Protein chains: 2
Amino acid sequence: MTRRHNRTRAERGIPEATVARLPVYLRALHSLQERGVVTVSSEELAAAAGVNSAKLRKDLSHLGSYGTRGVGYEVDYLIYQISRELGLTQDWVVAIIGVGNLGRALAGYGGFASRGFRVAALLDADPAVVGAEIAGLTVRHIDELERVIDEHGVSIAVIATPASAAQALCDRVVAAGVTSVLNFAPVVLSVPEGVEVRKVDLSIELQILAFHEQRKAGGPGESAADDWSKGLSGHGDGPRRERPPGTSEYIEAVEA
Amino acid sequence: MTRRHNRTRAERGIPEATVARLPVYLRALHSLQERGVVTVSSEELAAAAGVNSAKLRKDLSHLGSYGTRGVGYEVDYLIYQISRELGLTQDWVVAIIGVGNLGRALAGYGGFASRGFRVAALLDADPAVVGAEIAGLTVRHIDELERVIDEHGVSIAVIATPASAAQALCDRVVAAGVTSVLNFAPVVLSVPEGVEVRKVDLSIELQILAFHEQRKAGGPGESAADDWSKGLSGHGDGPRRERPPGTSEYIEAVEA
DNA sequence: AGACGTTTGTGAACACGCGCACAAAGTCAC
DNA sequence: GTGACTTTGTGCGCGTGTTCACAAACGTCT
Ligand SMILES: NC(=O)c1ccc[n+]([C@@H]2O[C@H](COP(=O)([O-])OP(=O)(O)OC[C@H]3O[C@@H](n4cnc5c(N)ncnc54)[C@H](O)[C@@H]3O)[C@@H](O)[C@H]2O)c1
Ligand SMILES: NC(=O)c1ccc[n+]([C@@H]2O[C@H](COP(=O)([O-])OP(=O)(O)OC[C@H]3O[C@@H](n4cnc5c(N)ncnc54)[C@H](O)[C@@H]3O)[C@@H](O)[C@H]2O)c1
């Protein structure tokens, strides 16, 4: 009964799952707005956003009571409320670190600026890239990282360098005061508490797709090559489970 | 007691949350392997993957009992098992649709091939791009989509076109037999049951970061300009929630 | 062989998110 | 004003995912 430590609570808190969906609603709303729609019901908006309508209503209810029963939600008003909740009514200054294939694509992407994200700086270590002008910005040398962050008031760092450099660069931007990082490098970044890291990992997405694709095709290890010679490390060969990965329906634990 | 229809169950089923983490474990394991590590404990591997060790053990237990108590997991063996479960022991043929900034970056990315994903085709609608050779492949015209899918036995389609074209292209690849789609366009794709879609949306990631960044700074609408004229539709002004929002910087549709 | 330290695999409690279903609240027609 | 209809906001049960904590299993050392 001693309601002691309410760790992760926070009455003011919007569930993380909801936060992740708000941008989707926002996009759908903008699309409706462009088409001149003034009012939308939860059912319609949910369909446009690809979610359950009850979920949508519950999500929106976390921001307040902005709907009108019997009518629906006013598009403009809702756009404003969601934008405000997400912090899109102010500009966020972004720096892209690593101007390779991916960094270049990001730098030239219009979808950022349109939502209040301003790419203010590009940084790289390669002398062949530093100094070049890309998407209207001159690439700065990575040595200037701290100065650039301070100069522009960068609040979000995008890391698009090889994995090997990511953690060190992450440490530097965090030390320089940045508390939000978007990471494209295939590594798990470790950061102190209070710093938010989100990662985008194409390779993982593909692997998840592969898993489901394989499942549809009839489970793993369909080929007979189900054996693991186990000839590697020179452990004794004796007391080893010879469980050959047994996919589901195979022999199991025949430990004689 | 009548354990009848276990809809979404499936005794053979690995939880989705687990599937999403397996690639992370795999990456950590490869890293350990390169460093010559032979055996790893759940504690160490969990640290490397950035998760709780109990979670890791439970995840792995879904694949089978591949650990040794008092010792840990054998790196090579575990890599093999996870790879097999994810379907990475076979090759998956990928087609990239839309060879713009992003498509180009993806085409030239080495991280795909290294895990059993083979980019076999690039397609685009722009005559200026069709026929060009990128990353060793000749860009085909989008009209040939169905033929290309069939020719190469494409099983995963990556959509990197503008949002406006995404749904139509998705419909076409699905009609052509593809059941796995990785979507970069900022739209919610609707697909028939049995088709798996995963989306990567940078804009959403940034907005989530912005939300947390704003929260740290003291919640939304920090300015006092919390008014929303609400002068829109001529509803009575009486029974109106007077929840005011409306930051200064945008009056909207004040059609008196 | 037996005791000891280590680490897995998992039962159980807990937290979170989802979706149904419905009362309350509003609109609209007359 | 009244009644019928529409749609929101939410209480509730359910399933999924996370974490703790511990017995059982294993290797090692004596
Ligand atoms: N290109 C893709 O489609 C793709 C897909 C998935 C993941 N990724 C990941 O994104 C990251 C970038 O990919 P890419 O294809 O652009 O690689 P890239 O090699 O083309 O570009 C990396 C850039 O980072 C710069 N760099 C290296 N070390 C640096 C440092 N210490 N400080 C500053 N800059 C540094 C390099 O000079 C280069 O310009 C990689 O981690 C990659 O694994 C890329
Ligand atoms: N570049 C980025 O960093 C970035 C970031 C986030 C999201 N995105 C999204 O990814 C998608 C691609 O972005 P991009 O920057 O590469 O755009 P882009 O305009 O550079 O490239 C789009 C390509 O698609 C081709 N295309 C258009 N219609 C087509 C059709 N019907 N069939 C085949 N090809 C067609 C175009 O010819 C062009 O080559 C967009 O939806 C964008 O919103 C891009």
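Small disclaimer: the values here were computed from a predicted structure and weren't measured. Throughout, a chain's letter reflects where its sequence line sits, starting with A, and its residues are numbered from 1.
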Can you find a side chain N or O atom of Ser65(A) that sits less than 4.0 Å from OP1 or OP2 on dG9(D)? yes
Atom pair distance, as rounded to whole Å: CD in Glu74(A) and P in dT27(C): 13 Å
Given atom CG of Asn52(B) and atom C1' of dA21(D), what is their separation to the nearest angstrom? 12 Å
Residue met sooner reading DNA chain C from 5', once Ser61(B) and Pro15(A) are mapped to nucleotides: Ser61(B)
So, does the side chain of Lys58(A) form a donor-acceptor pair with the base of dG19(C) at under 3.5 Å? yes
Have a look at Val51(B) and tell me which of Val24(B), Asp59(B), Leu45(B), Leu56(B) forms a side chain to side chain contact (heavy atoms under 4.5 Å, CB included) with it. Leu56(B)
Under 3.5 Å, N/O pairs linking protein and nucleotides 28-30 of chain D:
none

Can you tell which of dG26(C), dT18(D), dG17(C) lies closest to the side chain of Ala17(A)? dG17(C)
Check the distance between dA15(C)'s P and Lys55(B)'s NZ and give it to me in whole angstrom. 16 Å
Between P of dG17(D) and CG of Leu22(B), the distance in whole Å: 13 Å
Which whole-number value in Å describes the distance from Ile14(B) CD1 to dG17(D) P? 12 Å
Select from Leu60(A) and Ala54(B) the residue whose nearest nucleotide in DNA chain D is closer to the 5' end of that strand. Leu60(A)
Within-4.5 Å side-chain heavy-atom neighbours: Leu29(B) and Gln33(B): no
Any non-hydrogen side-chain atom of Tyr73(B) less than 4.5 Å from a side-chain atom of Arg57(B)? yes
If I take atom NE2 in residue His62(B) and atom P in nucleotide dG9(C), what distance separates them, rounded to the nearest angstrom? 12 Å
d(CG, Leu56(B); P, dT8(C)) in whole Å: 9 Å
Any N or O donor-acceptor pair linking the side chain of Arg69(A) to the base of dT8(D) at under 3.5 Å? yes
Residue-phosphate contact under 4.0 Å: Tyr73(A) side-chain N/O, dG9(D) OP1/OP2: yes
In whole Å, I'd like the distance from the CZ atom of Arg57(A) to the P atom of dA23(C). 15 Å
Which pairs with one or both residues in residues 204-213 of chain B pass salt bridge (charged side-chain N to carboxylate O under 4.0 Å, His left out), sequence neighbours excluded? Arg198(A)-Glu205(B), Glu213(B)-Lys216(B)
Between the main-chain N or O of Glu85(A) and the side-chain N or O of Gln214(B), is there a donor-acceptor pair closer than 3.5 Å? yes
As an exercise, state the distance from CG of Leu182(A) to CG of Leu202(B), rounded to the nearest 0.5 Å. 7.0 Å
Closest nucleotide of DNA chain C for Arg21(A) versus for Val71(A): which of these residues is on the 5' side? Arg21(A)
Check whether any side-chain heavy atom of Gln207(A) lies under 4.5 Å from a side-chain heavy atom of Leu88(B), and answer yes or no. yes
Answer yes or no: does a side-chain N or O of Ser42(B) lie under 4.0 Å from OP1 or OP2 of dT8(C)? yes
